[in-house]
Amino acid sequence: MTKILLVEDDPDVATMIGTALKEQRIELDAVADGDKGFEYVCQGHYDVIILDWHVPGLSGVEICRRFREMQGTTPILMLTGKTHPKEIEQGLDAGADDYLKKPFIMSELLARLRALSRRSGTSVSSVLTIANIELDPGKHKVTKDGREVHLLPKDFSLLEFFMRNPDQIFSAETLLRRVWDLDADASTESLRTAVSRIRKVIDSSVDEGDSLIENVRRVGYRLKPQ
């Protein structure tokens, strides 16, 4: 499933985009300020990033520039009310792949997102590997020692998030926000249950201390580096 990050502080625009993407079965993370948006950019993996030029905190242009300086390659679409060629040039020079002027027609936004997500296709479908576990996001497939194993959809998303961010500790609140989003069943108990199910599938030992997913006491969880 295509996954998009939206950094936009106008709630009406964010709601409009969110509704349209949901109808297209596109997963969306939406944040309203640049500082939080940059955190998502650094910690998540997206097919396309949509940045509003003017948001509280870091501007969309600054987020874009910093991400490119980190060698980030995810396609970026800049939303802007600016029309002067020099200002548009500034956004493109910062590393944006495309821009769309406000107000915009939703069908045009969707068309641009399709084009940009095709551009990111090879990196999105690349296989992730940790120890004897391989996860293919494009095929939605997990293998252990070369043999396919099965995970529930939410467990798959949680494992994918861990494998994209190895050796980073995430609090329960962060994991629920990033993986469960606004699901009604989001709770610390549902997170613990999901981690337990994943461990039963991917671990070679029933000993929690030997698990690939480490419970860092009073802090959160992390996927151990190998």
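It should be emphasised that the depicted structure is a prediction, and the values quoted were computed from it without experimental measurement.
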| query | With the 4.5 Å side-chain cut-off for hydrophobic clustering, are V61 and M70 part of the same group? | reply | yes
| request: Specify the closest pair of heavy atoms between C64 and I76, including all atoms of both residues, with the distance to one decimal. | output: SG-CD1, 3.7 Å
| Contact check, side chains of I4 and D29, non-hydrogen atoms, under 4.5 Å | no
| request: Apply side chain to side chain donor-acceptor pair (under 3.5 Å) to the pair T193 and S190, showing each step before the final yes or no. | output: CA-CA 5 Å; T193 301; S190 60; over 6 Å; no
| Are V149 and L159 grouped together when hydrophobic residues (ILVMFWY) are joined by side-chain heavy atoms under 4.5 angstrom apart? | yes
| query | Is the F170-F161 ring centre distance short of 6.0 angstrom? | reply | yes
| request: Just do the salt bridge (Lys or Arg N to Asp or Glu O under 4.0 Å) check on K224 and E214 with the steps written out, would you? | output: CA-CA 6 Å; K224 294 179 182 178; E214 179 183 10; 5.4 Å; no
| What closest approach, in Å, do D97 and T74 show between heavy atoms, and which atom pair accounts for it? | OD2-O, 4.1 Å
| said: Testing the basics here: between A172 and T188, what is the closest heavy-atom pair and its distance to 0.1 Å? | reply: CB-CG2, 4.2 Å
| message | A quick test of your reading: do over 12 heavy atoms of other residues, nucleotides or ligands sit less than 6.0 Å from NZ of K200? | response | no
| task | Would you mind checking if D98 and R112 are paired as a salt bridge, meaning a charged N to carboxylate O distance below 4.0 Å? | result | yes
| task | Check the surroundings of atom CZ in F67: do more than 12 heavy atoms from other residues, nucleotides or ligands lie under 6.0 Å from it? | result | yes
| query | Do you know the tightest heavy-atom contact between I213 and Y221? | reply | CG2-CD2, 4.2 Å
